[in-house]
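Below: one structure, written as structure tokens.
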Number of protein chains: 2
Amino acid sequence: MTTGLERGAGSSAPRSEDVARLAGVSRKTVSRVLNNEPYVSDESRRRVLAAAEELGYRLNHAARALASGRTRSIGVVALATAGYGTASLLVGIEQAVRDAGYALRVVNTPDGDPQSIAGALESLLEQGVDGIVVSVPIVEGDVPLGVDVPVLFVGAPPAFTAARTLTVGVGAHELARAATEHLLDLGHSTVHHLAGPRRWYATKDRIEGWRAALAARGAHEPPVLNGDWSAASGYAAGLGLASDRLVTAVFAAGDEMAIGLIHGLRESGRRVPEDVSVVGFDGNPVFAYVTPPLTTVRQPFEAASSEGIRLLLHAIEKPDTELPPANDPPVELIVRGSTAPPPSL
Amino acid sequence: MTTGLERGAGSSAPRSEDVARLAGVSRKTVSRVLNNEPYVSDESRRRVLAAAEELGYRLNHAARALASGRTRSIGVVALATAGYGTASLLVGIEQAVRDAGYALRVVNTPDGDPQSIAGALESLLEQGVDGIVVSVPIVEGDVPLGVDVPVLFVGAPPAFTAARTLTVGVGAHELARAATEHLLDLGHSTVHHLAGPRRWYATKDRIEGWRAALAARGAHEPPVLNGDWSAASGYAAGLGLASDRLVTAVFAAGDEMAIGLIHGLRESGRRVPEDVSVVGFDGNPVFAYVTPPLTTVRQPFEAASSEGIRLLLHAIEKPDTELPPANDPPVELIVRGSTAPPPSL
DNA sequence: ATGAAAGCGCTAACAA
DNA sequence: TTGTTAGCGCTTTCAT
């Protein structure tokens with residue numbers, strides 16, 4: 001009415017102005033309603049909502065981002081391996097992010113190299129995200145980059161400097177310790193450890209938990225074996241360990257390595273759990289149905305992601321406030337059939 | 001220099017205007033360089049790039065999206081279950097999308113219900129994506145929604161109407177057929193089938209492949225069993241099947257169900273593969289290390305995603321052109337230890 | 001409680 | 001080959 005322009009012949013998508021006109025209010029009032037801002041009469045709110053509904057109005061996020069400087073989206077740097085752990089974490093993050101009304105941008109990296117991480121971060125920063133989650137068990141090295149949004153590291157300590165860094169653990173240390181103690185409690189004189197790749201932080205964390213459990217009982221600490229998280233690497237380790245009769249208990253840093261390990265052991269004539277006990281790490285439910293069912297510790301992926309996102313959003317939305325305290329995730333040991341007392345007992 | 005404004009005390013992020021000024025060209029020329037458009041002298045290009053580098057310039061994607069109407073991002077609707085298949089597909093999609101210079105937005109749905117799908121699509125549409133991938137093995141029902149960007153369905157037929165729908169298969173029919181034929185070739189008189197949930201498209205596809213193989217050999221078609229993809233549901237099915245001595249071969253529609261099935265069978269006193277042969281579906285490498293190692297068919301996730309994204313990008317960038325032909329992914333049967341000739345032979 | 005005007009940083013259409 | 005002029009659709013002041 002007021003402007004000389006008329007809506008084209010039923011073509012392009014409705015804008016907030018169309019909603020405003022239909023509701024008989026200003027564009028700003030529409031904006032207020034859509035953003036749940038105060039100082040809008042119930043009447044106005046109702047009419048705006050009705051008009052939006054009627055028009056099939058869809059807010060343009062790009063325009064909002066440009067005008068407000070915030071995108072209401074958070075980016076995640078994930079590992080391009082389809083493992084149970086990685087995938088569970090991503091699902092948990094997505095859910096927590098969406099529950100908070102944010103959108104998710106994902107970039108994968110083939111590995112945790114500082115170089116790849118830097119590339120992933122750069123791409124996220126360009127897209128414009130309000131915060132970043134680095135769920136990659138980053139390897140050592142520095143990522144030289146001007147990151148001006150809060151960054152959450154899950155399951156690893158901050159690997160580079162950003163405006164604001166946060167951390168949320170998955171309790172790896174405690175879980176590794178619990179796994180090792182379970183074996184020790186069964187009567188094994190010591191526990192061997194099949195770890196992940198050397199440079200990964202996740203590897204170190206678990207090694208330390210295992211080591212702490214051993215030390216607390218005064219048990220001898222055998223040399224660490226390194227796999228690459230795959231079942232194949234666990235299998236190779238199993239073949240190697242089988243000939244050593246002193247090995248009666250092994251804690252593997254991943255379920256899949258544990259499965260491979262058991263296979264290698266059995267193929268070499270060692271029974272599991274009669275001769276050798278094995279504990280895994282992750283908690284993939286499918287391994288309750290293999291023979292023998294795998295004893296393992298469950299990583300609290302959902303808890304860690306919702307807790308982490310909570311912290312991240314706090315840092316985004318109330319930058320100057322104290323961070324809410326981090327709740328430690330529960331330690332969960334799942335005892336199944338792959339562990340038993342040592343043969344001599 | 002020319003304008004009265006001076007850069008603030010080293011604060012806000014550089015814009016294209018800053019780059020233009022430093023390079024001594026116009027903003028539009030900067031834009032041309034950044035978008036790899038023609039009609040820019042090498043000299044200008046070089047200087048723009050140098051200036052951008054020097055300033056640490058980062059293109060604002062929100063502004064670009066607003067001005068151009070395109071976001072250079074594609075959205076994916078994925079299933080919120082951290083299975084091997086889902087995760088592999090997502091990794092493949094992410095890679096293909098990034099290789100093409102697009103960004104990825106992910107929304108999960110707890111299930112394949114039309115309702116959930118509609119919500120996921122709506123959220124993607126609001127964020128502004130140039131195309132959408134529905135990687136959910138969608139269930140029946142209609143999704144009433146105005147989707148005006150191309151939509152790619154992977155592993156399922158179009159489940160709702162959009163401006164432009166595309167499909168890329170994962171060869172499920174052929175894979176199911178190959179799995180069934182393998183069992184028949186071994187000498188089994190017929191093959192039972194443990195399928196997924198009834199309403200899923202992925203379930204039907206596999207049932208049809210299985211049925212086709214049976215029909216081609218004139219084999220009797222036993223009633224279909226339905227699980228929910230989980231190992232637990234496979235286990236339950238195994239317990240039920242064990243008492244029927246006529247069952248000597250089972251094709252399970254998922255690796256995890258197969259693992260549960262084998263466990264249920266063995267627990268009931270049926271040996272695998274001596275008494276009953278089992279074939280899985282997916283190709284998760286870890287199951288090469290369980291006892292017995294699982295015979296399975298491998299879903300070509302990487303091939304399907306790169307092929308699918310290729311089609312989708314074509315539809316986005318050259319809407320009026322003929323679609324390039326779809327390459328059929330290869331069928332891959334992996335024979336391991338869970339299959340053998342039937343006991344009587 | 002509401003509205004008017006002025007941009008956010010970029011690309012599109014046109015002109016030179 | 002390059003630059004100029006207008007917006008893209010929203011949120012921000014700052015009035016009212």
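Being a predicted model, the structure only gives us computed values, none of them experimental.
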Straight-line distance of A:Glu302 CD to A:Glu307 CD, nearest 0.5 Å:
13.5 Å
Closest to the B:Ala63 side chain, choosing from D:dG9, D:dC10, C:dC10
C:dC10
Given atom CD of A:Gln127 and atom P of C:dG9, what is their separation to the nearest angstrom?
18 Å
Checking C:dT2, C:dG3, D:dT1 against the side chain of A:Val40 (C-beta onward), the nearest is C:dT2
Closest heavy-atom pair, B:Gly128 versus B:Ser73, reported as atoms and distance to 0.1 Å, is O-OG, 3.5 Å
D:dT11 P sits how many Å from A:Leu34 CG, rounded?
7 Å
Neighbour count >12 (heavy atoms, 6.0 Å) for atom CG, A:Asp42:
no
Do B:Asn108 and A:Arg98 pair up side chain to side chain, a donor and an acceptor below 3.5 Å, judged on atom types alone?
no
Rounded to whole angstrom units, what separation is found between the NE2 atom of A:His61 and the P atom of D:dT11?
9 Å
Nearest heavy atoms of B:Ile316 and B:Arg70, plus distance in Å
CG2-NH1, 3.7 Å
Length of the line joining A:Leu59:CG and D:dC8:P, which is rounded to integer Å:
16 Å
Proximity to the side chain of A:Asn60 - top-ranked nucleotide from D:dG9, D:dT2, D:dT12:
D:dG9
Side-chain contact check for B:Ser26: nearest option of C:dA12, D:dG3, D:dC10 is D:dG3
Return the nearest nucleotide to the side chain of A:Ser16; candidates are D:dT1, C:dG9, D:dC10.
D:dC10
Check whether any side-chain nitrogen or oxygen of B:Ser31 sits under 4.0 Å from OP1 or OP2 of C:dT11, and answer yes or no.
yes
Counting side-chain heavy atoms from CB outward, which of C:dT11, D:dG9, C:dG3 is closest to A:Ala67?
D:dG9
Looking at D:dG3, does its base get a donor-acceptor pair with the side chain of B:Arg32 below 3.5 Å?
yes
Rounded interatomic separation in angstrom, taking CZ from A:Arg21 and C1' from D:dG9
14 Å
B:Arg15 or A:Pro38: which one's nearest nucleotide on DNA chain C is closer to the 5' end?
A:Pro38
With nearest nucleotides of DNA chain D determined for B:Leu66 and B:Thr29 from heavy-atom distances, which residue corresponds to the more 5′ nucleotide?
B:Thr29
For A:Ile309 and A:Ile74, work out which heavy atoms get closest and say how close.
CD1-CD1, 4.4 Å
Measure the distance from CZ on A:Arg64 to C1' on D:dT12 and round it to the nearest whole Å.
13 Å
Given the structure, check if the side chain of B:Lys28 and the base of C:dA12 hold any donor-acceptor pair shorter than 3.5 Å.
yes
Which residue lies more 5' along DNA chain C, comparing A:Tyr39 with A:Arg27 via nearest heavy atoms
A:Tyr39
From the set C:dT2, D:dT12, D:dG9, return the single nucleotide nearest to any side-chain atom of A:Ser68.
D:dT12
Could you give the CD-to-C1' distance, from A:Glu37 to C:dG3, as a whole number of Å?
14 Å
Can you tell me the distance, in whole Å, between the CZ atom of B:Arg58 and the C1' atom of C:dC8?
18 Å
